[in-house]
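When reading the values below, keep in mind they use all heavy atoms of this one structure, side chains included, and skip hydrogens, waters and symmetry mates. Order of the sequence lines sets the chain letters (A, B, ...), proteins ahead of strands, with each chain counted from 1.
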Number of protein chains: 2
Amino acid sequence: MAAVIGSKRIRRTSEEARRQILDAAEARLTNLGPEGLRLQDIGRDVGLSHSAILHHFESRDGLVKALSIRATEQLRADVLAALATPAGKTPDATQVMQKVFEVLSERGYARLAAWLTLEHDGGNQGFSQQMIAELIRVIHSIRMEHHATAGVAPPSEEDTSNIVLLVATVAYGDGIMGHALRGAARRPDDPVARKDFRLWFGHLIQAHMDSYFPPKDAARPKA
Amino acid sequence: MAAVIGSKRIRRTSEEARRQILDAAEARLTNLGPEGLRLQDIGRDVGLSHSAILHHFESRDGLVKALSIRATEQLRADVLAALATPAGKTPDATQVMQKVFEVLSERGYARLAAWLTLEHDGGNQGFSQQMIAELIRVIHSIRMEHHATAGVAPPSEEDTSNIVLLVATVAYGDGIMGHALRGAARRPDDPVARKDFRLWFGHLIQAHMDSYFPPKDAARPKA
DNA sequence: TAGTCGGTTGACATAATTGTCAATTCGCGG
DNA sequence: CCGCGAATTGACAATTATGTCAACCGACTA
């Protein structure tokens, strides 16, 4: 929402221009939805005419595609960072999930992804095809290792898959409808409340992973 | 997608016309997103000119509002039906949640609600303000009763609130992004698979409710 | 059968948005 | 200092959406 008024023509490098435009577009998209993605408005935000945007991205669709690609890569990078082991130590599955959740839900990625996949038609692709699969693999290997060291039973791949799917689903659902839902439940919607919910959910997942004893009863949050 | 071509003017009652228009609009909205909500297209679907739609709904926004209201009421009716006790017997909390999930996620309500709340601006209202609150109350009372009869500890209201919120979030997330996510996870997306996931999730919630022992680590199983 | 109420229509007005293009001007290298 | 490439722009074209309006006509009633 920053507009330069007084000065003359500001000349940027192609990269800079593209970056600024994408930033503004992303902000508008996450705040206002696809209706807010108008070339003139974006241009005003960064102090450019809509023609300049067309110059840099060919077409409006080109802009959307570029936005989609960049968001995917950023998300991927953030998730990979979350997966990075602190120091050769095997990460905690729950913490990884927490981080993924946070990245997805908190920074508008959820809304962004939702808009993009749905504007671009439901027959989407890209965005995170292999990321989810990768995530499942990593988490599963962590669980298997935990199974070996601790006394937990070996989880099925399907179970791990379900967990990852659930976390992603909740992250998206929360990112998209969280605000409205909390309002409907008459609960606060500040960052603290959101974090509390995230933690509560994390414990739920944690408990499920810890209590994975196929033979005996499966519910005992011993800690 | 049905269009009448040959015949003359078809004259409907006001109600009929409204109903048909809303049906077509709903279909377009859930299938194509807000971009697909154009008066001409909707008109073509039901064999009316776009002027007729404006006649019945004042404006495009009036149509959207009416659509929102009708969807809310239908959703509410379905959820209330799910809450109805089979025969004076106290319903099972998990089953209720399952049903709510199914209603929300399966029939396009999720997408519909998402589009509506987001097109209408995030400062939404309506849609289910009191429904969620009501749901929380009902589920909580069920849990309290269960606590009295069985040996489960009394759950905190916050815990119940979180559960309901989680179920709603998953239902919305699944309805909106479920297809894409399952694709990304390389899992099938047929009704059976969706039901399996729903059941798995139901067990997770069930386990949480059953394993609710406050003396040790009640609402907060430690951090 | 005539008359009226209101659902229905087509032509038109209006506004907004993407896209095109020639011209402008900034910044850099020769 | 000049010239050139490239970013930037403003005017214009083309498309498309919502909304207005007068007229049309189908069904029901007196």
With a 3.5 Å distance limit and no angle check, can you tell me whether [X] reaches the backbone of [Y] through a side-chain donor-acceptor pair?
X	Y	result
B:Arg28	B:Leu37	no
A:Arg186	B:Ala133	no
A:Thr30	A:Ala27	yes
B:Thr72	B:Ser68	yes
B:Arg143	B:Met209	no
A:Glu26	A:Leu67	no

Restricting both atoms to N or O, compile the protein contacts to nucleotides 13-16 of chain D shorter than 3.5 Å, with distance only.
none

Q) Between B:Leu39 and B:Leu63, is a side-chain contact (heavy atoms from CB on, under 4.5 Å) present by the stated rule, with each step listed? A) CA-CA 9 Å; B:Leu39 299 187; B:Leu63 171 63; 4.1 Å; yes
Q. Across the strands shown, which category fits A:Leu37 at heavy-atom distances under 4.0 angstrom: base, sugar-phosphate, nothing?
A.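 Counting heavy atoms under 4.0 Å across all strands, the contact made by A:Leu37 is with sugar-phosphate only.
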**Q.** Side chain proximity check, B:Leu204 to A:Leu166, heavy atoms < 4.5 angstrom
**A.**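 Yes, their side chains come closer than 4.5 Å.
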Q) Hey, does A:Arg70 have a side-chain heavy atom less than 4.5 Å from the side chain of A:Arg19? A)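 Yes, side chains in contact.
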Polar-atom pairs under 3.5 Å, protein N or O versus N or O of nucleotides 24-28 of chain D: list them with distances, or write none.
unit_1: D:dC24; atom_1: O2; unit_2: B:Arg9; atom_2: NH1; d: 3.1
unit_1: D:dC25; atom_1: O4'; unit_2: B:Arg9; atom_2: NH1; d: 3.3
unit_1: D:dG26; atom_1: N2; unit_2: B:Arg11; atom_2: NH2; d: 2.9
unit_1: D:dG26; atom_1: N3; unit_2: B:Arg11; atom_2: NH1; d: 3.4

Q) To the nearest angstrom, how far is A:Leu48 atom CG from D:dA7 atom P? A)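 So the two atoms are 12 Å apart, to the nearest Å.
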Q. Heavy atom of residues 12-26 of chain A under 4.0 Å from DNA chain D: which residues?
A.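 The answer is A:Arg12, A:Ser14, A:Ala17.
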Q | Within residues 52-60 of chain A, residues whose heavy atoms come under 4.0 Å of DNA chain C | A |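 The stretch gives A:Leu54, A:Ser59, A:Arg60 as the residues lying under 4.0 Å from the strand, ordered by number.
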(Q) Can you tell me which residue among A:Lys195, A:Arg194, A:Arg182 is in a salt bridge (charged side-chain N to carboxylate O under 4.0 Å, His left out) with A:Asp174? (A)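 Passing option: A:Arg182.
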**Q.** hbond_proxy B:Ser51 side chain to D:dG19 base (donor-acceptor, 3.5 Å cutoff)
**A.**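 No pair found.
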Q | Qualifying residue, where the test is side-chain contact (heavy atoms from CB on, under 4.5 Å) with B:Ile42 and the options are B:Ile53, B:Leu48, B:Leu22, B:Leu29 | A |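 Only one option passes, and that is B:Ile53.
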Q | Partner of B:Thr160 under side-chain contact (heavy atoms from CB on, under 4.5 Å), chosen from B:Leu165, B:Ile136, B:Leu135 | A |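 That would be B:Ile136.
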Q) Would you say the side-chain atoms of A:Glu16 and A:Gln20 include a donor-acceptor pair closer than 3.5 Å? A)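 There is such a pair (donor and acceptor under 3.5 Å, judged by atom type) between the side chains of A:Glu16 and A:Gln20.
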Q.
As an exercise, state the distance from CG of A:Asn162 to OG1 of A:Thr169, rounded to the nearest 0.5 Å.
A.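 Those atoms lie 9.5 Å apart.
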Q. Quick one: how far along DNA chain C does chain A reach, first to last nucleotide 5' to 3', anything under 4.0 Å to a heavy atom?
A.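 Contacts span C:dT17 to C:dG27, reading 5' to 3'.
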Q: Could you tell me which residues satisfy side-chain hydrogen bond (donor to acceptor under 3.5 Å, both in side chains) with B:Gln74, sequence neighbours excluded, listed by chain and number?
A: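 B:Tyr109.
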